Peer 1: 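Encoded as C-alpha cells, here's the structure I'll be asking about.
Computed over heavy atoms, backbone and side chain alike; hydrogens, waters and symmetry mates excluded. Counting convention: from 1, in listed order, for ligands and their atoms alike. Since this is a predicted model, take the numbers as computed values, not measurements.
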Amino acid sequence: MAYRLFEGKEHASIYQQYRFTPPSGLKDVIIQYLDKKKGQPHVLAVDLGCGTGQHTRLIAPHFKEVVGIDISDFQLEEARAVPGYANITYRKGTAEELPFEDGTVDLLTAASAAHWFDPTRFLLEADRVLKSRGCMALLGFTDGNIRLNYKDCGEKLNHIYQEVKELLRPYTSSPVAASESKLEDLYSAIPYPDKERIESFKCKSMISIRTLVGFISSWSMYNSYKRKDPQGAEDMLAKIQKRFLDEMGVTSVDTEIEREWEYFCVLASKPQ
Ligand SMILES: C[S@@+](CC[C@H](N)C(=O)[O-])C[C@H]1O[C@@H](n2cnc3c(N)ncnc32)[C@H](O)[C@@H]1O
C-alpha cells in the first residue's frame with residue numbers, strides 16, 4: 001500500500017518552507033561510512049522520498065550525480081524550483097520500483113521517508129540497484145526527547161509541544177510510529193550482515209516560533225486532522241502559536257528559541 005499524505009500543492013509548499021535540512025554532521029558520518037565500506041568513486045546517489053529536496057541538496061557535492069525520487073508531483077515541483085544544483089535530477093517514482101539498472105547505485109538514502117515504504121519490496125529493490133559494497137542510509141528524527149529553550153520558560157514550551165503531539169496522536173499513522181521507533185523493524189529486516197544503527201545524533205539550532213508552528217503544520221498527522229476538520233486544525237495552530245508567545249512574553253512570531261533534538265540513522269552495506 002502506498003501512503004499518499006504529502007501530495008497536495010499546499011502541503012508541498014509548507015514542506016519547502018518549514019522542513020529542516022538534516023544535520024551536516026550526520027551527512028559527514030554517512031559519507032565516511034560509504035568511504036569505509038565501498039570507497040571512491042562516488043558516482044551515483046539516489047535520495048528516496050526526497051520531498052522538496054533538502055537532503056538531496058545536502059549530499060549533492062559528494063557525488064557525480066544525484067537523483068531525487070518521490071511519488072508526489074508537487075513535492076518534486078518545489079524541489080526542481082531550487083536553482084544551483086547542476087548534478088541533481090528529480091524523477092517521479094517509488095522506492096519499491098526504481099528506474100536504475102542492476103548494480104549501479106553507490107548510495108541510497110531516505111530522509112524521514114523510509115517508514116512510508118513497503119519494507120519487503122523496498123529492500124529487494126535496494127539490493128537489486130546497489131553496487132557491490134554500495135550502502136544505504138535511512139535517517140530521520142525523533143522528537144520524543146525534543147527540548148525547547150527560551151529564558152526560564154523552556155519547560156512550559158516543551159509541555160505545550162508535547163500537548164500538541166498528544167492531541168494529534170489519534171491521527172498518527174502506523175508508519176509514523178515506525179519512524180518514532182527509529183526504524184527498528186526495517187533495520188531487523190535488512191538482510192545484510194554489515195549493518196549498524198546510530199540511535200542518537202544530537203543537534204541544536206535556533207528557530208523562530210513562526211518556523212516551529214510551520215513545522216507542526218507539515219506533520220502528516222496534522223494534515224490528517226486538517227482533512228477531517230479544516231477549521232479546527234487552523235484554530236489549533238493559531239492557539240498553539242499564541243500560547244508559545246504568551247509563555248515567552250513576546251508578540252513577534254520571529255522571536256527565536258533554541259531547539260535541541262535527535263536524529264537516528266540506519267546504515268547498511270551490500271555484501272561483495
Ligand atoms: C516526510 S516526507 C520527507 C521528505 C524529505 N526527504 C525531507 O527530509 O523533508 C516523505 C516523502 O516521502 C514520499 N514518499 C512516500 N512514500 C513513498 C514511496 N513509496 N516512494 C517514494 N517516495 C515516497 C512522500 O511523497 C514525501 O515527499
Peer 1: Give a yes/no verdict on whether any heavy atom in H55 is under 4.0 Å from an atom of ligand 1.
Peer 2: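 Distance cut 4.0 Å: H55 fails for ligand 1.
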
Peer 1: What part of E96, side chain, backbone, both or neither, has a heavy atom within less than 4.0 angstrom of ligand 1?
Peer 2: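 For E96, the contact with ligand 1 is made by the side chain alone.
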
Peer 1: Going by atom types alone, do S269 and R133 pair a side-chain donor with an acceptor below 3.5 Å?
Peer 2: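 There is no such pair between these side chains.
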
Peer 1: Testing the 3.5 Å rule here: is there a donor-acceptor pair between the side chains of T56 and D47?
Peer 2: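 Yes, side-chain donor-acceptor contact under 3.5 Å.
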
Peer 1: List every atom of ligand 1 that sits less than 4.0 Å from any heavy atom of T94, numbering the atoms from 1 in the order shown and giving each element.
Peer 2: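 Under 4.0 Å from T94, ligand 1 has these atoms: 20 (N), 21 (C).
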
Peer 1: Check whether any N or O atom of A111, backbone or side chain, sits under 3.5 Å from an N or O atom of ligand 1, and answer yes or no.
Peer 2: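 By distance alone, the answer is yes.
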
Peer 1: Does an N or O from F117, backbone or side chain, lie closer than 3.5 Å to an N or O of ligand 1?
Peer 2: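 Checking ligand 1 against F117, no N or O pair falls under 3.5 Å apart.
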
Peer 1: Using non-hydrogen atoms of the residue, decide whether G93 is closer than 4.0 angstrom to ligand 1.
Peer 2: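 It does, in that a heavy atom of G93 comes within the 4.0 Å cut-off of ligand 1.
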
Peer 1: Is G49 close to ligand 1, meaning an N/O of one under 3.5 Å from an N/O of the other?
Peer 2: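 The answer is yes, given that G49 and ligand 1 share an N or O pair closer than 3.5 Å.
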
Peer 1: Atom CD of residue position E97 - does it have more than 12 heavy atoms of other residues, nucleotides or ligands inside 6.0 Å?
Peer 2: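 Not buried by this count: 12 neighbours or fewer within 6.0 Å.
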
Peer 1: With heavy-atom distances below 4.0 Å as the criterion, list the atoms of ligand 1 near S112.
Peer 2: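 Once the distances to S112 are compared, the set is 1 (C), 2 (S), 3 (C), 10 (C).
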
Peer 1: If you count heavy atoms of other groups shown closer than 6.0 angstrom to NZ of K165, is the number above 12?
Peer 2: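 Yes - once you tally the heavy atoms of other residues, nucleotides and ligands closer than 6.0 Å, there are more than 12.
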
Peer 1: Would you say D70 touches ligand 1, if touching means a heavy atom closer than 4.0 Å?
Peer 2: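 Under 4.0 Å: yes for D70.
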
Peer 1: Looking at R147 and E258, would you say the former's side chain and the latter's main chain have a donor-acceptor pair under 3.5 Å?
Peer 2: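 The answer is no, because no donor-acceptor pair under 3.5 Å joins these two groups.
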
Peer 1: Would you mind telling me if ligand 1 is within reach of the side chain of C50, the backbone, both or neither, using heavy atoms under 4.0 Å?
Peer 2: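 Backbone only.
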
Peer 1: Side chains of N223 and Y171: is there a donor and an acceptor less than 3.5 Å apart?
Peer 2: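 Result is no, nothing qualifies.
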
Peer 1: May I ask you to check whether over 12 heavy atoms, not counting those of Q272, lie within 6.0 Å of atom CD?
Peer 2: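 Open: at most 12 neighbouring heavy atoms sit under 6.0 Å from CD of Q272.
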
Peer 1: Going by the atom numbers of ligand 1, which of them fall below 4.0 Å from some non-hydrogen atom of Q75?
Peer 2: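 Every atom of ligand 1 under 4.0 Å from some heavy atom of Q75: 27 (O).
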
Peer 1: Could you grab the distance from atom NZ of K239 to atom CZ of R243, nearest 0.5 Å is fine?
Peer 2: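 Answer for the NZ-CZ pair, K239 versus R243, is 7.0 Å.
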
Peer 1: Which atoms from ligand 1 have a heavy atom of G51 less than 4.0 Å away?
Peer 2: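 Checking each atom against G51, I get 4 (C), 27 (O).
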
